[in-house]
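Written below as structure tokens is the structure these notes are about.
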Amino acid sequence: LVRVRTPDPRTSEAWLTLWMGSVIAADPNSPIERVIQICGSPFPVDTLRLEFDNSVYKTYIEIGAVMLIGTYDAPTGQVAPPYQLEYRPNWLSWGQDYFRFTLSNCPGDVTRTSDNFYYNFTITHVNHPPQWVPFVATSVSQINATALLLNGTDVDMPATPTNLTWVLVGLPSGGTLSLSSATSSAALGLNSSWGVGTGVWYRPNMAEASAYLSCGPDFSDSFVVALFDGSLYDSPRTFSLRGMSCTQ
């Protein structure tokens with residue numbers, strides 16, 4: 001065990017430990033060359049004392065040479081080596097941010113450490129495409145209009161987004177979509193749109209209704225929609241429908 005100590009200027013009877021550590025030789029027959037950097041003193045040092053503890057069984061110490069290199073004042077005119085940092089913002093974070101740093105030629109020594117420096121920067125907001133809320137095949141009536149509700153989310157918007165719209169990019173083949181259950185309601189065509197949270201109605205064609213009334217085969221249909229946030233589209237999604245089983 002090795003200690004490097006210096007007189008404590010606060011009292012004439014105490015010694016302040018600047019460094020303490022173990023020095024172990026890999027080969028007892030070979031000398032140890034050890035460089036100890038001492039820079040944590042809060043005041044100038046003009047006296048050092050080396051203390052060696054060889055009280056442990058089968059330990060010994062033999063000093064060949066000791067070299068001390070130091071300065072009274074903190075070095076000036078030095079340039080810190082360049083460092084490249086990588087900043088990764090948190091998910092969905094944007095706006096102003098900063099980090100704080102100091103420069104020191106003796107870490108831990110406040111007398112050799114600079115004041116705080118601040119690096120300020122701006123995180124550019126990036127719009128993310130909206131996302132649909134997955135839906136499963138929905139059972140619909142083969143005679144009457146059935147209400148359908150398609151939901152979507154957008155990480156750039158509140159929990160309940162209000163300006164997302166569904167765009168119809170693939171028409172159903174066995175029926176029509178409209179924004180009302182009334183039989184007189186106009187059918188939605190390609191590229192028609194409606195807001196998220198707004199119900200849309202599916203009505204089967206008369207041929208499908210006739211097949212149902214005569215207990216024809218089970219009915220299935222689908223249409224394709226894409227979610228739009230005003231600038232970006234989500235990938236088109238297929239909304240699958242199936243008719244209720246015919247019973248006599």
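In this text, all values refer to a predicted model and were calculated from it rather than measured experimentally.
Considering only residues two or more places apart in sequence or on other chains, P236 meets the side chain to side chain contact (heavy atoms under 4.5 Å, CB included) condition with V169, V224. The salt bridge (charged side-chain N to carboxylate O under 4.0 Å, His left out) search around R88 returns E86, not counting sequence neighbours. A search for side chain to side chain contact (heavy atoms under 4.5 Å, CB included) contacts involving T47 returns P7, W15, not counting sequence neighbours. For S235, there are no side-chain hydrogen bond (donor to acceptor under 3.5 Å, both in side chains) partners two or more places apart in sequence or in a different chain. Applying the side chain to side chain contact (heavy atoms under 4.5 Å, CB included) criterion to Y98, with sequence neighbours excluded, gives Y118, N120. In terms of the salt bridge (charged side-chain N to carboxylate O under 4.0 Å, His left out) criterion, D221 has no residue partners (sequence neighbours excluded). Contacts of F121 classified as side chain to side chain contact (heavy atoms under 4.5 Å, CB included), with partners at least two apart in sequence or in another chain: Y87, D97, F99, Y119, I123. Annotation: salt bridge (charged side-chain N to carboxylate O under 4.0 Å, His left out) contacts of R49 (sequence neighbours excluded): E51.
Here the options are T238, L148, L171, the test is side-chain contact (heavy atoms from CB on, under 4.5 Å), and the partner is F223; only L148 passes. Considering T146, L149, V225, L188 as possible partners of V200, the one that fulfils the side-chain contact (heavy atoms from CB on, under 4.5 Å) test is L188.
Here the straight-line distance linking atom CG of L150 with atom CZ of R237 works out to 12.0 Å at 0.5 Å rounding. Atom OG of S180 and atom CH2 of W201 lie 7.5 Å apart (nearest 0.5 Å). If you take OG1 on T153 and CD on Q131, they are separated by 5.0 Å, rounding to the nearest 0.5 Å. Taking CD from Q96 and OG1 from T122, the interatomic distance works out to 3.5 Å, rounded to the nearest 0.5 Å.
Within the 4.5 Å cutoff, side-chain heavy atoms of L227 are placed close to those of L164. Y202 is listed as a side-chain neighbour of P172, based on a closest heavy-atom distance under 4.5 Å.
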Do F228 and W166 pass the side-chain contact (heavy atoms from CB on, under 4.5 Å) test, and can you show the C-alpha distance, the side-chain angles, and the key distance before you say yes or no?
-> CA-CA 6 Å; F228 184 56; W166 289 103; over 6 Å; no
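Smallest separation of non-hydrogen atoms from G199 and L179: O-CD2, 4.2 Å. Between L190 and G170 the shortest heavy-atom distance is CD2-N, 3.8 Å. Considering every non-hydrogen atom in both G152 and V196, the closest pair reads N-CG1, 3.7 Å. When all heavy atoms are compared, the tightest approach of S240 to S222 is CA-CB, 4.1 Å. Residues L177 and L168 share a closest heavy-atom pair of CD1-CD1, 3.8 Å. For the residue pair Y233 and P129, the shortest heavy atom distance occurs at O-CB, 3.9 Å.
If you check the side chains of S231 and N127, you find a donor sitting under 3.5 Å from an acceptor.
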